[in-house]
Protein chains: 2
Amino acid sequence: MGSLMTTKTDPSPSSRLRDSKRTAILDGAREVFLREGFTGGSVDAVAAKAGVGKQTVYRHFGSKDGLVIGLVRAMCDVPELEADAGTTGDLINALRRELRAFAEGLVRPESMQLYRAIVAEAERMPELGKLFYDAGPKVIRQRLTEILSSRFSEREAREKAEMLVQLTLGEAYFELTLGLAEADTKRLHRQIDKALRVIIGEG
Amino acid sequence: MGSLMTTKTDPSPSSRLRDSKRTAILDGAREVFLREGFTGGSVDAVAAKAGVGKQTVYRHFGSKDGLVIGLVRAMCDVPELEADAGTTGDLINALRRELRAFAEGLVRPESMQLYRAIVAEAERMPELGKLFYDAGPKVIRQRLTEILSSRFSEREAREKAEMLVQLTLGEAYFELTLGLAEADTKRLHRQIDKALRVIIGEG
DNA sequence: TCATAACGAGACTATATGGTCTCGTTTATG
DNA sequence: CATAAACGAGACCATATAGTCTCGTTATGA
């Protein structure tokens, strides 16, 4: 059955039609589930939004939970950003660049909605939490640690990286997750600069 | 209709029976909604768990959303802890006491589940978020600011208070909300001491 | 071209839900 | 003691949901 060329273990032969439907379904799932949550959103709504028969959804993902996992996997499978080839500029600037990219990515409405949906199901489906964590907070922590290793000990680098991440999000993250405020880039930048001053020192 | 004695605007005359049923319903709602979320939990389940007719639930709270709001209000309406009458001990110890109480309260399973349920509905019912925020993060920030005002300027006190809160939760809070770890008091205490060292200085 | 795989639409089942209504019983109160 | 309020149980309704099945159509790939 499987093509000899296929390096993946995926048994489904990829075809143009099949792939296009799959992405259409994932697009629909993103719209529906991020707006209404995994529990609140229905498979019917996803199928309708995707312009696809309900059966097609089940052919592709097997069940609603399968669809949810497929969506989170797709949204978290961002191709690992290549590490800065040579830290252009000084340490502070490298850190600031990383923190800004991280923070701005995390507070995007889409990310916030994904986070909320995942948190809601954290007890029932912790694997979703792991996908999100590994794609977001874990990556930034590792990247910061790497950058900081050029000046600090391994242990110090790890500690400072973690604190930078926390201080970067700051109070804003509470307010965002709870729906009390909207993303504010300027505020994030101020927060990041303050964090750098406190944790690294004067730049 | 209303009694002349009543100082509240609440039109319902309190009676022993009525009050006992109300708390029974809220107990049931806590069990059901914190386990299954506001969307996932059903009014039928709440009524059954409370040993109460469904109609009684609707007599008391009007609708499912009303019940949800009632529950969150009840859980967040903790009687304001009286401020430490005279900061016994030094500044660091006062701060540490506050931070420990806050952190340990926030990572209790019940609080985490409430936070998750509220976050899930943040878009649809932001008033829930406000209730939670005002009862938790906002209070600790104010209390810390007050304590810090004895040594720092108003602005510095506010900034340090906010940073202390963030560093106290640290990475652990991400892991807890996403369902990747369990509450660990020792880890929290270590985190708090580190935060105090970084933000306030050697103790 | 032709067999096959994937498709859209929609009927269909079983179940669950929010919410209303009734009715006979228990509890409070004047 | 008697009236009224609050109750439990459960029937009831309209709607929604996850998931299955069929059937006629469209696209793929040899």
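Numbered from 1 within each chain, the chains take letters A, B, ... in sequence-line order. Computed from heavy atoms alone, side chains included, the values below leave out hydrogens, waters and symmetry copies. All values derive from a computational prediction rather than experimental measurement.
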Exercise for review: Show your reasoning for whether side-chain contact (heavy atoms from CB on, under 4.5 Å) applies to B:Leu188 and B:Phe102.
Suggested key: CA-CA 11 Å; B:Leu188 275 180; B:Phe102 168 68; over 6 Å; no
Exercise for review: Kindly say whether, by distance alone, the side chain of B:Lys64 makes a donor-acceptor pair under 3.5 Å with the base of C:dG19?
Suggested key: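 No such pair is found, so the answer is no.
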Practice item. Fit a plane to each ring of B:Tyr115 and B:Tyr173, take the angle between them on a 0 to 90° scale, and name the class: parallel (under 30°), tilted (30 to 60°) or perpendicular (over 60°). Key: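 Answer is tilted, since the angle falls between 30° and 60°.
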Review point. According to a strict under-4.0 Å criterion, is B:Thr56 in side-chain N/O contact with OP1 or OP2 of D:dG8?
Key: yes
Review point. Between D:dG8 and B:Lys21, is there an OP1 or OP2 to side-chain N/O distance shorter than 4.0 Å?
Key: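 Checking B:Lys21 against D:dG8: at least one side-chain N or O falls below 4.0 Å of OP1 or OP2.
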In this structure, how many angstroms lie between the [atom2] atom of [N] and the [atom1] atom of [X], rounded?
{"X": "B:Asp44", "N": "D:dA11", "atom1": "CG", "atom2": "C1'", "answer": "13 Å"}
{"X": "A:Lys49", "N": "C:dA9", "atom1": "NZ", "atom2": "C1'", "answer": "19 Å"}
{"X": "B:Tyr58", "N": "D:dG8", "atom1": "OH", "atom2": "C1'", "answer": "16 Å"}
{"X": "A:Arg59", "N": "D:dT22", "atom1": "CZ", "atom2": "P", "answer": "13 Å"}
{"X": "A:His60", "N": "C:dC7", "atom1": "NE2", "atom2": "C1'", "answer": "9 Å"}
{"X": "B:Gln55", "N": "C:dC21", "atom1": "CD", "atom2": "P", "answer": "9 Å"}
{"X": "A:Lys54", "N": "D:dT20", "atom1": "NZ", "atom2": "P", "answer": "10 Å"}
{"X": "A:Arg16", "N": "C:dC7", "atom1": "CZ", "atom2": "P", "answer": "14 Å"}

Exercise for review: Give B:Gly41 one of three labels, base, sugar-phosphate or nothing, depending on what nucleic acid heavy atoms sit under 4.0 Å from its own.
Suggested key: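 It contacts sugar-phosphate atoms only.
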Check your understanding: For A:Gly66, which contact category applies under a 4.0 Å heavy-atom criterion: base, sugar-phosphate, or nothing?
Key -> nothing
Practice item. Would you please test B:Lys194 and B:Leu167 for side-chain contact (heavy atoms from CB on, under 4.5 Å) and show each step? Key: CA-CA 8 Å; B:Lys194 202 199 296 178; B:Leu167 291 180; over 6 Å; no
Check your understanding: Nearest nucleotide by nearest heavy atom, which residue falls closer to the 5' end of DNA chain D, A:Val43 or B:Arg22?
Key ->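 The residue whose closest nucleotide sits nearer the 5' end is B:Arg22.
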Side-chain donor-acceptor distances from residues 30-39 of chain B under 3.5 Å, at least two apart:
unit_1: B:Arg30; atom_1: NE; unit_2: B:Glu110; atom_2: OE2; d: 3.4
unit_1: B:Thr39; atom_1: OG1; unit_2: B:Glu121; atom_2: OE2; d: 2.6

What pairs of donor and acceptor atoms, side-chain ones from residues 126-138 of chain B against any protein atom, are under 3.5 angstrom apart with sequence neighbours left out?
unit_1: B:Lys130; atom_1: NZ; unit_2: B:Asp134; atom_2: OD2; d: 2.8
unit_1: B:Tyr133; atom_1: OH; unit_2: A:Glu171; atom_2: OE2; d: 2.6
unit_1: B:Tyr133; atom_1: OH; unit_2: B:Arg141; atom_2: NH1; d: 3.2

